[in-house]
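Reading through the structure tokens given below for one structure.
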Amino acid sequence: MLLRFIVNLGQITTSSVATPRAIMLDIKFIRENAEAVQKAAVDKNFEVDIDRLLELDEERRTLLHETEKIRARRNEVASAIPKASNDERPELIAEGRELKEKLSTMDEELHEVQESYESLLLMVPNLPAPEVPIGDDDEDNEVIRHVGEPREFDFEPRSHEELGEHLDIIDKERAIRMAGSRAYALKGAGALLEMAVMRLGMDIMVEAGFTPVIGPLMVNREAMTGTGFFPYGKDDTYHLESDQKYLVGTSEVFLVSLHREEILDPETLPRFYAGKSSCFRREAGSAGRDVRGVYRVHQFTKVEQVAICVADKDKSREIHEKLLGNSEKLMQLLGLPYRVAIACTGETGLGQVIKHEIETWMPSREKYSETHSCSSLYDYQARRSGIRYRDENGETQFCYTLNNTLAASPRILIPILEHYQNEDGSVNVPEALQKYMYGMTVITPES
RNA sequence: GGAGGGGUGGCCGAGUGGACGAAGGCGCUUGAUUCGAAAUCAAGUGUACCUUUACGGGUACCGUGGGUUCGAAUCCCACCCCCUCCGCCA
């Protein structure tokens, strides 16, 4: 089985040996469900050796126990010294010195074990929900409903690329000249169209009670690891080397990280956020794929939904449907034909429990293609990010997180342009977008 | 970019080598008082990991990481962040 990602372990740093933080699936859970976890990794197409992890866990705990015993004695000796008589003191100091030596070698060993352990732990995937079909690629996704019908053209429809050029609203040639492959520029009605979709999207979000957020697009490694994009997604992420910052591939990174290392008041849950941001993706390993048009680009704009809720599967599922519903609402307002599918295991990301994709009909591709992705992660991100709440027993619990695309452009412009095109190469503006387009109803080369 | 100041618990704030997981205050919880409340008094009040059937015990955490020491919130080094002034700037 081909591995989806090439893993770079080199730069993962771990938290201190003395205070291991919960950073992944609960190790106790992994211990008790080793087989299921290993199966999840195989089904999801991630390579991780659970047996090795458990071995390291065993070693780690043994060393932890031993070092803690030495530390306890060291503390005892150290506090006895000031009270000791002059006769006793040299002996105690000698013992302390000895303990220090012992501790330093053992600590080093523990450190190494801990580091391997945590690196491995970061790569353990979350378990997919039972209803997720097992499979390798999107061929194995399970379509659960269709909404709308692909348009029957009584003329030869043009691709969005042709339309974009004809209308002079998508300029790839000039953009590529200054920025390289997969670059594009939206001009005139093209730029307005993108902004219109984003504004419509944000209106839906605000009406639904989501808090709009514009957040940092350059973030540190902790935010990337905390949201589960590192270590696996590292190759797909732009790195600003001189500042040790990374460009986010989605506003999910800053929306989830908003509450990093916080204990939230459960009264304030669930929290709903809508982020609007540029998104940056290197698209590593996809050279030569989807090179036509603006389907797969390095930089795009997105309105994203994020929810943080209590650790309850039913509640999470309820919110999942709500997020999905918001996106479908947008699609229906845009009047675009789409279908909804459950992503199979091979298409389900490291932390994802279940993912629904909205796939929109794209005439030029002659198929439904992904425009939205709605994911439940349970406590996967919250563990890594330290987002907790206090339950009714006063115990801290990790929150559950979810996210879904509300609208991503320019990809969403593809079905809009292609679906609403006219025989003369003009494009009708969907009614829902007209008010954000200064009343423009049709895009022509002159408009 | 240059010069200086600073990061301690939910908050404020003390602490410059041992009695400090950390004074004091505020806040919060519980109890006493009260018909009830306020005020007052008393007790409690961080996070995580390891261990234990349990009661409990242990370890770590004073921005982060290293170092010195029998012993570090306290001393040393590096980094991160915040504030003030200067420079530059949408």
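Below, read A as the first sequence line, B as the second, and so on, with proteins coming before strands; counting in each chain starts at 1.
- Using the Watson-Crick or G-U wobble rule with both distances under 3.5 Å, B:rG4 pairs with B:rC83.
- Looking only at distances, a side-chain donor or acceptor of A:H160 sits under 3.5 Å from a matching main-chain atom of A:V294.
- Within the nucleic acid shown, A:T396 comes within 4.0 Å of sugar-phosphate atoms alone, with no base atom in reach, counting heavy atoms only.
- Contacts of residues 251-259 of chain A with RNA chain B (heavy atom under 4.0 Å): none.
- Nearest-nucleotide mapping onto RNA chain B: of A:R61 and A:E95, the residue sitting toward the 5' end is A:R61.
- Pairing for B:rG27 is with B:rU45, a Watson-Crick or G-U wobble pair whose two hydrogen-bonding atom distances lie under 3.5 Å.
- We find that NE2 of A:H65 is positioned 14 Å from P of B:rA60, with the value rounded to whole Å.
- The side chain of A:H111 lies closest to B:rG66, out of B:rG66, B:rC50, B:rG58.
- OP1 or OP2 of B:rC70 lies within a sub-4.0 Å distance of a side-chain N or O belonging to A:R97.
- The neighbour count for A:E321 CD, taken as heavy atoms of other residues, nucleotides or ligands under 6.0 Å away, is above 12.
- Atom-to-atom, CD1 of A:I27 to P of B:rC49 comes out at 12 Å; the value is rounded to the nearest Å.
- A salt bridge is defined here as a Lys NZ or Arg NE, NH1 or NH2 lying under 4.0 Å from an Asp or Glu carboxylate O, and A:D203 with A:R199 fails to meet this definition.
- Taking the side-chain hydrogen bond (donor to acceptor under 3.5 Å, both in side chains) definition, one finds that A:E318 meets it with A:K315, sequence neighbours left out.
- Annotation: B:rC76 and B:rC88 have their C1' atoms spaced 35 Å apart (nearest Å).
- Distances shorter than 4.0 Å separate none of the side-chain N or O atoms of A:K69 from OP1 or OP2 on B:rU59.
- To the nearest whole angstrom, the two P atoms, one in B:rA73 and one in B:rG18, are 10 Å apart.
- Here B:rG18 sits opposite B:rC70 as a Watson-Crick or G-U wobble pair (both hydrogen-bonding atom distances under 3.5 Å).
- Nucleotide B:rA48 holds its P atom 15 Å from the CD atom of A:E262, rounded to whole Å.
- Remark: P of B:rC49 and OH of A:Y117 are 10 Å apart, rounded to the nearest angstrom.
- For the pair A:K44 and A:F46, the NZ or CZ position fails the cation-pi test of under 6.0 Å to the six-membered ring centre and within 45 degrees of the ring normal.
- With P as the reference atom, B:rA78 and B:rA23 are 32 Å apart, rounded to whole Å.
- The nearest heavy atom of RNA chain B to A:R388 and to A:R74 marks one nucleotide each, and the one closer to the 5' end goes with A:R388.
- Taking atom CZ of A:R60 as the reference point, atom P of B:rU59 lies 18 Å away to the nearest angstrom.
- B:rG65 is paired with B:rC77 under the Watson-Crick or G-U wobble criterion, all donor-acceptor distances under 3.5 Å.
- Across B:rC50, B:rC81, B:rG58, the shortest atom-to-atom separation from the side chain of A:A72 is found for B:rG58.
- A gap of 48 Å separates the C1' atoms of B:rU53 and B:rA38, to the nearest Å.
- Between the side chain of A:E101 and the backbone N or O of A:E98, no donor-acceptor pair lies under 3.5 Å.
- A:Q244 has its CD atom 19 Å from the P atom of B:rA78, to the nearest Å.
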Working note: A:Y246 + A:F229, criterion ring-ring contact (aromatic ring centres under 6.0 Å, His included); need CA distance, chi angles, decisive distance, verdict. CA-CA 11 Å; A:Y246 300 86; A:F229 291 97; over 10 Å; no

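- Note: CZ (A:R221) to P (B:rC81) measures 13 Å, nearest angstrom.
- If you take atom C1' in B:rG13 and the same atom in B:rG7, they sit 13 Å apart, rounded to whole Å.
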Scan nucleotides 18-23 of chain B against the protein and return all N/O pairs shorter than 3.5 Å with their distances rounded to 0.1 Å.
| from | atom 1 | to | atom 2 | distance (Å) |
| --- | --- | --- | --- | --- |
| B:rG18 | N2 | A:A78 | O | 2.7 |

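- Salt bridge absent: A:K355 and A:E370 never bring a charged side-chain N and a carboxylate O closer than 4.0 Å.
- Proximity of A:N75 to the phosphate of B:rG71: no side-chain N or O atom is located under 4.0 Å from OP1 or OP2.
- Of all nucleotides listed (B:rU59, B:rU47, B:rC70), B:rU59 comes nearest to the side chain of A:R71.
- Comparing the C1' positions of B:rU47 and B:rG25 gives an interatomic distance of 23 Å, to the nearest angstrom.
- For the residue pair A:H372 / A:S327, no side-chain donor-acceptor distance below 3.5 Å is found, with atom types taken as modelled.
- Using the Watson-Crick or G-U wobble rule with both distances under 3.5 Å, B:rA39 pairs with nothing in any strand shown.
- In this structure, A:R74 contributes its side chain and A:K100 its backbone to no donor-acceptor pair below 3.5 Å.
- Nucleotides B:rA22 and B:rG9 are separated by 9 Å at their C1' atoms, to the nearest Å.
- The pairing partner recorded for B:rA54 is none, the criterion being a Watson-Crick or G-U wobble arrangement whose two distances lie under 3.5 angstrom.
- A sub-4.0 Å separation between OP1 or OP2 of B:rU47 and a side-chain N or O of A:R390 is present.
- Taking the C1' atom of each, B:rC41 and B:rC80 are spaced 46 Å apart, rounded to whole Å.
- At whole-Å resolution of the value, CD in A:E76 and P in B:rG57 are 15 Å apart.
- No hydrogens or angles considered: a donor-acceptor pair under 3.5 Å links the side chains of A:K302 and A:T250.
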Should A:Q352 and A:S375 be marked as a side chain to side chain donor-acceptor pair (under 3.5 Å) after you check the CA-CA gap, both sets of side-chain angles, and the distance that decides it? CA-CA 6 Å; A:Q352 296 165 351; A:S375 310; 3.2 Å; yes

